[in-house]
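Worksheet: the structure to be examined is printed underneath.
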Amino acid sequence: MILIKNALNLDGFRTSILIEENRILKVQSDIKVDLPPDTIIIDASDKLAVSGFFNAHTHAAMTLFRGYQDDLSLQDWLDKIFKLEAKYVDKHMVYWCSKLACLEMVSCGTTGFMDMYFFEDEVAQSALDVGLRVVIGEGLLSFETPFCASFKEGLKKTLQLKEKYKNNPKVKVSFAPHSLYTLEKNDLEQLASTIDSNDYIQIHLSENMNEVNTILSKYGQNGAFVLDEIGLLNKNTYLAHCTHLTEAEIDLISKKNAHVIHNPQSNLKLSSGIANICKMIQKGVSVLLGTDGCASNNNLDILEELRTAALLQKLFNPSFMNAKLAVRMLQNFGGFFDVGLSEGKLADVVLFDLNAIEALPMYNPASYLSYAANSKSVDTVIIDGKIIYKNKEFTNVDVEEVKFNVAQIAKKIGSL
C-alpha cells in the first residue's frame, strides 16, 4: 500500500490518498485505517497531487532526431525525415530512443502515451520497462517503411501485435494509418474492412493547408468526410493535429464521437497553423493533448504543451479555455485507461513540489499547472500503484545506460 498524506488537490483542499495494488482505495481529507507494516507513507504537506497526464500523440523513438532538422515547413521536413528514417531506424534504435522518450515523459508527469512509429513492439517494451501505459500503432503507409515492405504487411503485423497484447492491461494496440496523403484509397478501404468495430484508429488529419488542398484535389471533399465515407471515423478514431478543419468537419467529428489530438507546439514549429480547439470543445468534441515527436517539437514536456495550448486559445476566446478546462484536456486518457484521482480509479498520481520557486505564491492550483509549472516542478510519479520517479530521480531504470545507448546511435548520424 501507499498512503499519500495531506496533499493539496486541484480544488485547493487538503486530501489524503490511499493506494492498494494498482487502484486508488480511498480519497478523503484524513484517512484513519489500520495499515500493513510495509505501507509506504508519503508526507505530501508540501506537494500538489494530481492524476497522471496522457501524451496522446507522439513518435517516441524520434528522440534520435531531436534538433537534426529544424526551421522547415512540414513537407520539407518530412522529405528529410523520411530519408533519415530509411537509413537509421531499426529495432535497436527504436527500443533505446523510445526508452529515452519514456524517461523524459515520466519526468514531466506523463503516465501514459499514444505512439505511432515503426517496430512498435519495441516501443511497448520500452514503456513497460520504464513503467508507463502505452497505446502503440505501427505506422501504416502505402510504400515501404523501415519495418514493412508494404501496407498489407504492416496491417498483418498490427493484427499480430493486437493478439500479443490482448491481455496486457498497460498496452493497447491501435491501427495507425499515417495520413490520407501517404495512403492510397484502396489501402484505407482494406483497413476499414479488416478491423473490428471496437478497434482503435489513429491518423494525422488536416495538419497544414497543403495537406487540406491535396486531399480536396484528390477526393473532392475534406479529409474528415473522406474518412467517414471509407468507414474510418467513429468513437474509436483519434485525429492528430486537425489544424485546419472546416466547421462542417467539426460538426461531423462531433456527431461521430471521434477524438481530436491537439499538438500546438509542433504545429507552430512546422508553421502549420493554430487549431481552434475552443470551437471543437464547444461543439462537444473530445480533445486530447499531445507533443508530437521530438523531431518537430523538440521536447516531450507535456506541461509546456499545456501552457502553449491554453495561451494560444485566447486568440480565439480569452476566457473559454480556462485553467481547469486546460488541465482536464491534459488528463484526458481518451477512454484507453481508467485513470483519475478518485476511488476505484487506476493509481496514476503525480506530486508537484510546492516549495519550487515557480509555485509561490499559490492561489489557484489549476492556474499553477496551466501557466507556471514545468518539468522541474514534478517531484514524484506513481504509475499503476508503483513509484516510478521519486525526489526527481528514477527508482527502477538505469538512466545512464539509456543515455549511453542513445548517444552511440546518434554518433552514426553525426551527433557532437
Side-chain angles (χ1 to χ4, degrees), residues 2-19 24 26-31 41-56 105-112 262 264 277-278 281 287-289 291 301-314 317-333 339-383 387-392:
I2 300 173
L3 175 61
I4 302 169
K5 295 177 61 177
N6 204 33
L8 189 70
N9 65 19
L10 276 177
D11 294 320
F13 299 107
R14 290 288 169 178
T15 189
S16 293
I17 304 159
L18 183 60
I19 297 169
I24 294 177
K26 292 181 180 294
V27 179
Q28 55 194 53
S29 58
D30 186 21
I31 296 175
I41 299 176
I42 300 174
D43 180 2
S45 54
D46 59 349
K47 303 290 189 295
L48 169 69
V50 299
S51 63
F53 308 144
F54 189 61
N55 187 343
M105 285 190 277
V106 169
S107 71
C108 305
T110 299
T111 64
H262 187 34
I277 297 302
C278 288
I281 294 174
V287 177
L288 297 80
L289 195 61
T291 60
D301 190 338
I302 200 71
L303 290 162
E304 274 191 17
E305 211 73 32
L306 170 66
R307 175 180 165 84
T308 303
L311 293 178
L312 280 178
Q313 293 308 300
K314 298 189 186 309
N317 185 321
S319 58
F320 179 78
M321 182 61 75
N322 59 58
K324 277 196 172 182
L325 180 58
V327 172
R328 284 204 297 273
M329 182 168 62
L330 176 61
Q331 295 174 320
N332 185 355
F333 273 72
V339 171
L341 206 62
S342 57
E343 294 176 5
K345 298 289 187 180
L346 290 168
D348 288 13
V349 182
V350 182
L351 300 180
F352 283 81
D353 179 10
L354 295 182
N355 288 320
I357 293 171
E358 67 276 4
L360 299 170
M362 179 61 66
Y363 302 113
N364 181 336
S367 172
Y368 159 68
L369 277 186
S370 295
Y371 304 126
N374 55 61
S375 58
K376 294 184 296 183
S377 314
V378 176
D379 180 87
T380 299
V381 178
I382 298 169
I383 306 177
I387 300 175
I388 304 299
Y389 187 70
K390 184 178 182 181
N391 299 327
K392 305 183 189 299

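These figures come from a predicted structure and were not determined experimentally. Just so you know, residue 1 is the first one in the sequence shown, and it goes up from there.
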Using atom types as modelled and distance alone, determine if a side-chain donor or acceptor of [X] lies under 3.5 Å from a backbone N or O of [Y].
X    : Y    : value
S16  : N6   : yes
N332 : V287 : yes
E358 : A373 : no
Q331 : S51  : yes
K392 : K376 : yes
R307 : S370 : no
N355 : D46  : no

For this session: Test side-chain contact (heavy atoms from CB on, under 4.5 Å) on L8 and F352 and set out the steps.
Result: CA-CA 10 Å; L8 189 70; F352 283 81; over 6 Å; no

Tell me, do [X] and [Y] make a side-chain contact under 4.5 Å, heavy atoms counted?
X    : Y    : result
V349 : L351 : yes
L312 : M321 : no
T111 : L346 : no
V350 : T380 : no

Closest contact, heavy atoms only, [X] versus [Y]:
X    : Y    : answer
A359 : D353 : CB-O, 3.9 Å
L354 : M362 : CD2-CE, 3.7 Å
F320 : L325 : O-CD2, 3.5 Å
S375 : L303 : N-CD1, 4.0 Å
L289 : A309 : CD1-CB, 3.9 Å
Y389 : S107 : OH-CB, 3.8 Å

Problem set entry | For Y368, ring-ring contact (aromatic ring centres under 6.0 Å, His included) partners two or more places apart |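 None.
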
Rounded to the nearest 0.5 Å, how far does [atom2] of [Y] lie from [atom1] of [X]?
X    : Y    : atom1 : atom2 : answer
L306 : H262 : CG    : NE2   : 10.0 Å
C108 : D301 : SG    : CG    : 4.0 Å
T110 : E305 : OG1   : CD    : 10.0 Å
T15  : D30  : OG1   : CG    : 10.0 Å
L48  : D379 : CG    : CG    : 11.5 Å
I382 : I19  : CD1   : CD1   : 4.5 Å

Exercise. Does CG in L360 sit with more than 12 non-hydrogen atoms of other residues, nucleotides or ligands closer than 6.0 Å?
Worked result: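 Yes, enclosed.
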
For this session: Report, as yes or no, whether the 6.0 Å neighbourhood of atom NZ on K26 holds more than 12 heavy atoms from other residues, nucleotides or ligands.
Result: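 Incorrect, the count does not exceed 12.
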
For this session: Kindly indicate, with the supporting measurements, whether the criterion side-chain contact (heavy atoms from CB on, under 4.5 Å) is fulfilled by L10 and L341.
Result: CA-CA 10 Å; L10 276 177; L341 206 62; over 6 Å; no

Exercise. Taking it one step at a time, do I42 and I387 satisfy side-chain contact (heavy atoms from CB on, under 4.5 Å)?
Worked result: CA-CA 11 Å; I42 300 174; I387 300 175; 4.2 Å; yes

For this session: Give the intermediate values and the outcome of side-chain contact (heavy atoms from CB on, under 4.5 Å) for residues L330 and L369.
Result: CA-CA 10 Å; L330 176 61; L369 277 186; 5.8 Å; no

For this session: May I have all residue pairs that pass salt bridge (charged side-chain N to carboxylate O under 4.0 Å, His left out) and include part of residues 3-16, sequence neighbours excluded?
Result: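 The answer is D11-K324.
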
